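Numbering starts at 1 and runs along the sequence shown. Worth saying up front: this structure is predicted, and the values here are computed from it rather than measured.
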Amino acid sequence: SYTVNSARSTSGSNYKNFTDLANDLKTNGISGNVTIDVTTGSGPYSESIEIMDYAGSATYTLTIQGNGEEITSRNSSATIVFEDAANIEVNDLIVKNTSSFGECVRIEGESDEIALDDCEFIRTGSITSSSSAYIMISDVNSVFGGRFPDLKTNITITNSYFHNGNTSSTSSGGYACIAIHQPQDDGDDNNILIEGNEMTCFGRYAIYLEDVSGVTINENEIHNPTNFTTGFRYTIYHNTNFSFPGADEDCIISNNYIYDINPETYTGTTYGIGWFAYYSASNVRIYNNVIDLEGRGSLYGIYTYGAFSFYTSQPGKKDIVNNTIRLYGTSGSNFSTLAGVYGFYLDQSEIKNNIISIERENGRSAFGAYVPSGGVASYNNIYFDLSGQWDNEQYVGTQFNGTQTLTDFLTSFPNSVSLDPTFLDRGNLDYTPVSLGMANKATPVTYITEDIAGEARDATNPDLGAVEYFIDAEIVSVDMNAQT
């Protein structure tokens with residue numbers, strides 16, 4: 001066992017700072033599993049480091065126990081860089097970057113088996129520059145990546161907190177919390193897990209994905225502070241490049257809470273989840289998520305694109321199942337669109353068991369689910385509470401300029417309903433519906449055995465939306481009126 005302790009010199013089993021640790025790894029490597037304990041109370045450490053491939057890294061694990069201590073820098077690249085590194089675990093470490101640009105952590109090269117758990121990532125710089133992020137899994141210093149990066153595999157980012165370190169600051173943080181770029185000519189399984197994190201203070205993206213395969217985004221709480229500045233935002237965004245051959249493994253977005261992305265006064269566009277795969281098959285399962293968006297502009301709960309038929313005959317499946325989507329605004333422009341689910345080229349993608357609730361006074365178009373080219377919708381609760389002037393209102397639409405009445409919706413989709421879900425306590429993220437008529441209206445899905453809170457789904461008659469619930473109704477009186 002080794003230590004990092006600023007109160008002692010670098011000698012024997014102690015390193016005075018992280019720079020000495022990184023230099024020793026580069027020079028000598030390791031010959032067995034090694035744990036580095038950062039001594040409690042010894043920080044913060046003002047430095048930036050790069051940990052590259054070193055002797056023994058392919059065989060042995062290096063564990064850094066941060067013990068709540070901090071490493072901080074103004075480096076416009078990154079505070080910590082892992083390049084071609086392998087078998088490294090970092091636990092309970094605060095990683096801070098105070099530069100206008102750069103990252104807290106960048107993972108680049110052919111890195112493998114990197115785990116970041118129970119950490120804090122703090123950025124105090126720009127949220128408008130694409131060269132700023134909390135974590136970049138990429139070979140370049142840009143959220144939008146570059147051509148043909150190396151493949152990075154077996155990366156886990158879990159139970160960590162992303163923020164700007166100042167609750168009164170409304171415009172600092174990162175352009176993205178996490179940005180991932182993989183080779184656009186390689187669809188191999190990435191095996192990347194992003195789970196149990198709280199992500200805040202982001203300017204454009206909470207998570208940006210490009211040419212990924214086998215990425216799981218699960219049980220995260222994603223939001224901005226209620227006083228945070230407004231901006232055009234995709235919360236979780238995926239894109240594929242022209243030469244991407246297609247993903248070998250499905251991606252999963254499940255059990256996430258997405259809310260307070262923009263304040264309700266914002267007049268631009270806000271997206272909950274955007275999955276765009278124009279050029280090749282890229283399958284994704286989106287289920288058990290709560291998406292609660294507010295704003296005066298356009299709001300899209302889940303927006304998906306399958307691959308164009310010009311490029312491939314396999315557009316890929318984008319299954320959207322058991323999500324709770326609430327879109328709300330006090331007023332909107334005549335050009336704004338609200339859509340719970342909005343998608344194209346979805347082939348046999350399933351859109352079912354969702355709760356979609358849309359409320360606003362006016363706007364151009366409101367869609368429960370707009371799927372003009374593919375997609376199979378059933379077993380959904382789609383509820384509108386609209387007033388004022390709307391040019392187009394569709395429960396499940398296939399023509400943008402068409403209209404669909406409630407009667408049309410219930411006739412065309414006999415397993416669906418349209419009821420006000422009336423969520424129990426949104427302020428405390430309790431999206432349990434209290435609508436008796438919605439109970440047990442879903443259909444079983446083999447891969448969804450629990451709800452967003454880990455409660456077991458009814459195997460025969462599960463509930464719609466992200467929350468499985470039980471309504472305890474008691475009959476207290478019966479009125480009987482005789483008729484002749």
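At a threshold of 4.5 Å between non-hydrogen side-chain atoms, the residues Tyr345 and Ser373 count as touching.
For residues 25-35, every residue pair satisfying the side-chain hydrogen bond (donor to acceptor under 3.5 Å, both in side chains) rule, not counting sequence neighbours, is listed here: Asp24-Asn28. Listed by first and then second residue, the salt bridge (charged side-chain N to carboxylate O under 4.0 Å, His left out) pairs involving residues 97-110 are Glu103-Arg106, Arg106-Glu108 (not counting sequence neighbours).
Ring geometry for His163 versus Tyr161: interplanar angle under 30°, hence parallel rather than tilted (30 to 60°).
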* Test log, rule side-chain contact (heavy atoms from CB on, under 4.5 Å), inputs Ile135 and Leu116 -> CA-CA 10 Å; Ile135 296 178; Leu116 310 175; 3.9 Å; yes
* side-chain hydrogen bond (donor to acceptor under 3.5 Å, both in side chains) between Asn218 and Glu195: does it pass, once the steps are laid out? -> CA-CA 5 Å; Asn218 184 53; Glu195 182 174 81; 2.7 Å; yes
* What's the verdict on side-chain hydrogen bond (donor to acceptor under 3.5 Å, both in side chains) for Asn154 and Asn191, showing C-alpha distance, side-chain angles and the deciding distance? -> CA-CA 5 Å; Asn154 304 307; Asn191 193 27; 2.6 Å; yes
* Would you please test Asp118 and Ser160 for side-chain contact (heavy atoms from CB on, under 4.5 Å) and show each step? => CA-CA 5 Å; Asp118 194 25; Ser160 295; 5.5 Å; no
* Is there a side-chain hydrogen bond (donor to acceptor under 3.5 Å, both in side chains) between Asn262 and Thr230 once you walk through the steps? -> CA-CA 6 Å; Asn262 268 310; Thr230 61; 5.2 Å; no
* To do: Show the numbers, then the answer: is there a side-chain contact (heavy atoms from CB on, under 4.5 Å) between Ile351 and Ile302?
  => CA-CA 11 Å; Ile351 304 166; Ile302 300 174; over 6 Å; no
* **side-chain contact (heavy atoms from CB on, under 4.5 Å) evaluation trace for Trp275 with Cys251** => CA-CA 10 Å; Trp275 193 271; Cys251 291; 3.5 Å; yes
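A donor-acceptor distance shorter than 3.5 angstrom exists from the side chain of Ser213 to the backbone of Glu249, with no hydrogens or angles considered. Judged purely by atom type and a 3.5 angstrom limit, Asp84 has no side-chain atom pairing as donor or acceptor with the backbone of Gly109. A donor-acceptor contact shorter than 3.5 Å links the side chain of Asn17 to the backbone of Thr19. With Arg204 contributing its side chain and Thr128 its backbone, the two residues share no donor-acceptor pair below 3.5 Å. Here the side chain of Asn164 pairs a donor or acceptor atom with the backbone of Ser169 at under 3.5 angstrom. With hydrogens and angles disregarded, a donor-acceptor distance shorter than 3.5 Å links the side chain of Asn197 to the backbone of Asn159. Asn190 places a side-chain N or O within 3.5 Å of a backbone atom of Asp188 that can act as its donor or acceptor partner. No side-chain donor-acceptor contact under 3.5 Å links Asn354 to the backbone of Gly465. Proximity of a side-chain donor or acceptor of Asp117 to a complementary backbone N or O of Glu89 within less than 3.5 Å is not detected. Side-chain N or O atoms of Thr235 include one that pairs as donor or acceptor with a backbone N or O of Tyr271 at under 3.5 Å.
For Tyr257, there are no ring pair (Phe, Tyr, Trp, His ring centres under 6.0 Å) partners two or more places apart in sequence or in a different chain. For Phe162, the ring pair (Phe, Tyr, Trp, His ring centres under 6.0 Å) partners are Phe121, Tyr134, not counting sequence neighbours. In this view, Arg457 and Asn288, Glu468 satisfy the side-chain hydrogen bond (donor to acceptor under 3.5 Å, both in side chains) rule, not counting sequence neighbours. Qualifying salt bridge (charged side-chain N to carboxylate O under 4.0 Å, His left out) partners for Arg426, counting only residues two or more places apart in sequence or in other chains: Asp292, Glu294. Every residue was checked against the side-chain hydrogen bond (donor to acceptor under 3.5 Å, both in side chains) condition with Glu50, not counting sequence neighbours, and none meets it. Looking at residues two or more places apart in sequence or on another chain, you find a ring pair (Phe, Tyr, Trp, His ring centres under 6.0 Å) between Tyr237 and Tyr205, Tyr208, Tyr234, Phe276. In this structure Phe228 satisfies the ring pair (Phe, Tyr, Trp, His ring centres under 6.0 Å) test with no other residue, sequence neighbours excluded. Asn91 meets the side-chain hydrogen bond (donor to acceptor under 3.5 Å, both in side chains) test with no other residue; sequence neighbours excluded. For Glu221, the side-chain hydrogen bond (donor to acceptor under 3.5 Å, both in side chains) partners at least two apart in sequence or on another chain are Tyr259.
Residues Met136 and Val140 come closest through the heavy atom pair CG-O, 3.9 Å. What you find for Gln182 and Val212 is that their closest heavy atoms are CG-CG1, 4.3 Å. Across every non-hydrogen atom of Ser172 and Thr124, the tightest pair is CB-O, 3.4 Å.
A cation-pi arrangement, defined by a distance under 6.0 Å to the six-membered ring centre and an angle within 45 degrees of its axis, is absent between Arg326 and Tyr431.
Salt bridge status for Asp139 with Lys152: present, with a side-chain N to carboxylate O gap under 4.0 Å.
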Please tabulate, one pair per line, all N/O donor-acceptor pairs under 3.5 Å involving side-chain atoms of residues 60-68, not counting sequence neighbours.
unit_1	atom_1	unit_2	atom_2	d
Asn67	ND2	Asp37	OD1	3.3
Asn67	ND2	Val38	O	2.8
Asn67	ND2	Gln65	O	3.4

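Thr226 and Asp260 share no donor-acceptor pair across their side chains, judged by distance under 3.5 Å alone. For the residue pair Thr170 / Asn227, no side-chain donor-acceptor distance below 3.5 Å is found, with atom types taken as modelled.
Checking Asn289, Val341, Ile358, Leu293 one by one against Ile325, the side-chain contact (heavy atoms from CB on, under 4.5 Å) holds for a single residue, Val341.
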